[in-house]
There are 2 protein chains.
Amino acid sequence: MKKEQKTSVLYKVEQTIKEYRKMSQKNISDVVCDITVDQCLLLIFLNDNAGYSQKEMAEFLFKDTASLTRIIELMVKKDYLKRNMNDTDRRKFNLEITAKGKETIQLLQPVIQGNRQTALQGLSQQEIGLLDSLLSKITSNCKETK
Amino acid sequence: MKKEQKTSVLYKVEQTIKEYRKMSQKNISDVVCDITVDQCLLLIFLNDNAGYSQKEMAEFLFKDTASLTRIIELMVKKDYLKRNMNDTDRRKFNLEITAKGKETIQLLQPVIQGNRQTALQGLSQQEIGLLDSLLSKITSNCKETK
DNA sequence: CGAATATAATTGATATATCAATAAGAGTGA
DNA sequence: TCACTCTTATTGATATATCAATTATATTCG
């Protein structure tokens with residue numbers, strides 16, 4: 001493989017997130033069999049943050065509103081979430097976490113914590129901060145030219 | 001949003017790659033209308049590296065063999081690639097880039113270069129090296145626990 | 001050689017990503 | 001109030017991700 005490609009750090013960003021997601025999914029599946037990484041993140045997001053519209057949630061989670069609609073749909077089917085009407089704006093829904101959803105959060109929260117710790121093992125706080133700022137720089141470079 | 005989540009650098013890795021892919025797709029589509037980022041990467045990979053099996057290519061490109069099969073299938077349909085029999089191992093194919101594929105590479109190579117430059121603008125070689133090594137560390141942390 | 005095993009690629013099923021189009025409701029101004 | 005515009009969410013179409021199962025071919029070993 002050509003050196004230039006092999007060493008493009010953007011390849012490595014892609015590789016990193018894929019490995020992280022793979023590990024995460026595996027550890028999640030060991031505890032809760034019918035939930036995906038993305039569903040899990042949504043569940044935890046909802047638990048920590050109430051009152052956002054789907055559009056806002058999509059932004060926080062870096063997802064398209066279309067994707068989020070479908071993720072929610074599946075989670076409603078699997079009885080993790082419930083849609084309630086929003087009285088002040090009937091285009092929106094209030095998402096409610098079901099009892100099953102809440103139990104699941106209890107099971108998964110430590111798994112997520114563990115995944116993050118595992119992934120970042122051996123990196124100092126300073127290194128993590130640096131990584132964060134370099135990635136932010138790349139992100140804003142990409143956004144500018146859009 | 002809870003501080004802990006907002007600041008997890010792993011979120012940022014995900015955000016970064018998504019923004020990069022979005023920008024890349026936009027710039028690619030401006031030049032060649034019917035090709036995706038992944039198809040483009042495969043095309044350029046094949047141009048630079050001949051003789052790998054699909055399994056090997058999948059590893060280089062961080063893809064599943066199933067995904068790669070489907071990407072190739074679409075590219076054959078769109079006349080970017082051609083499958084030829086491999087005489088020594090009939091399970092494998094030799095992928096050949098068509099004339100259309102070769103023209104397309106000429107058009108896209110500078111776009112890809114430009115995308116990378118744009119994304120990494122303002123980062124020193126040293127910073128890029130650091131980013132690379134931090135990501136490598138995370139990747140190997142994730143692989144270990146699998 | 002021939003049976004068992006291993007490997008390469010494909011296929012099926014389901015989830016997510018992305019863009020475009022649409023539907024339904026909210027807001028605004030004449 | 002009503003027409004126009006904007007926003008939110010959904011839906012459709014297509015591409016990719018992932019896992020499991022399958023097919024076809026290679027390899028290995030008795």
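In this text the structure is predicted, and so the values were computed from the model without any measurement. A note on names: the letters A, B, ... follow the listed sequences, proteins ahead of strands, and every chain is numbered from 1. The basis for the numbers below is simple: all heavy atoms, side chains too, and nothing from hydrogens, waters or symmetry mates.
Separating the CG atom of A/Asp64 from the C1' atom of C/dA21 is a distance of 13 Å, rounded to the nearest angstrom. Between the C1' atom of D/dA17 and the NZ atom of A/Lys26 lies a distance of 18 Å, rounded to the nearest Å. One can place NZ of A/Lys77 at 11 Å from C1' of C/dT14, the figure rounded to the nearest angstrom. Between the CD1 atom of B/Ile28 and the C1' atom of C/dC19 there is a distance of 16 Å, rounded to whole Å. Atom-to-atom, CD1 of B/Ile35 to P of C/dC19 comes out at 16 Å; the value is rounded to the nearest Å. Regarding A/Lys78, its NZ atom lies at a distance of 6 Å from the P atom of C/dA15, rounded to whole Å. Protein atom NZ of B/Lys22 is 11 Å distant from nucleotide atom P of C/dA17, rounded to whole Å. The CG atom of B/Leu42 sits 12 Å away from the P atom of D/dA17 (whole-angstrom rounding).
Put simply, B/Ser67 has no side-chain N or O that comes within less than 4.0 Å of OP1 or OP2 on D/dT16. Residue A/Lys63 places at least one side-chain N or O under 4.0 Å from the OP1 or OP2 atom of C/dA17. Close to D/dT25, at under 4.0 Å from its OP1 or OP2, lies a side-chain N or O of B/Arg90. At D/dT10, one or more side-chain N or O atoms of A/Arg83 fall inside 4.0 Å of OP1 or OP2 (strictly under the cut-off). Phosphate contact (OP1/OP2 of C/dA8, side-chain N/O of B/Lys55, threshold under 4.0 Å): present.
Side chain B/Arg91 to base D/dT25: a donor-acceptor pair is found below 3.5 Å.
Contact annotation for B/Asp38: backbone-only contact, meaning every heavy-atom pair under 4.0 Å involves sugar-phosphate atoms and none involves a base. Residue contacts shown for B/Thr65 include a base, since a base heavy atom lies under 4.0 Å away. Note on A/Gln25: nothing from the nucleic acid sits closer than 4.0 angstrom, heavy atoms only. Residue contacts shown for A/Leu74 are limited to sugar-phosphate atoms, with no base heavy atom under 4.0 Å away.
Annotation: of the two residues near DNA chain D, A/Glu14 and A/Asp89, the 5′-most nearest-nucleotide partner is A/Asp89. Place A/Ile71 and B/Gln54 on DNA chain C by their nearest nucleotides, and B/Gln54 ends up nearer the 5' end. Each of A/Asp87 and A/Val37 has a nearest nucleotide on DNA chain C; the 5'-most of these lies closest to A/Val37.
Residue B/Lys18 has its side chain nearest to C/dA17 when only C/dA9, D/dT16, C/dA17 are considered. Comparing atom distances between the A/Ala66 side chain and each of C/dT18, D/dT25, D/dT8 picks out C/dT18 as nearest. Considering only the side chain of A/Arg70, D/dA13 comes nearest among D/dA24, D/dA13, D/dT8.
Distance check, rounded to the nearest 0.5 Å: CD of B/Gln39 to NZ of B/Lys78 gives 3.5 Å. We find the CG-CD distance between B/Leu61 and A/Glu14 to be 9.5 Å, quoted to the nearest 0.5 Å.
Side-chain contact between A/Leu10 and B/Thr16: absent, with no pair of heavy atoms (C-beta onward) separated by less than 4.5 Å. The closest side-chain heavy-atom distance from B/Val111 to B/Asp30 is not below 4.5 Å.
By the 6.0 Å contact criterion, NZ on B/Lys100 is enclosed, its count of non-hydrogen atoms from other residues, nucleotides or ligands being greater than 12. Counting heavy atoms of neighbouring residues, nucleotides and ligands inside a 6.0 Å radius, atom CZ of B/Arg90 does not exceed 12 of them.
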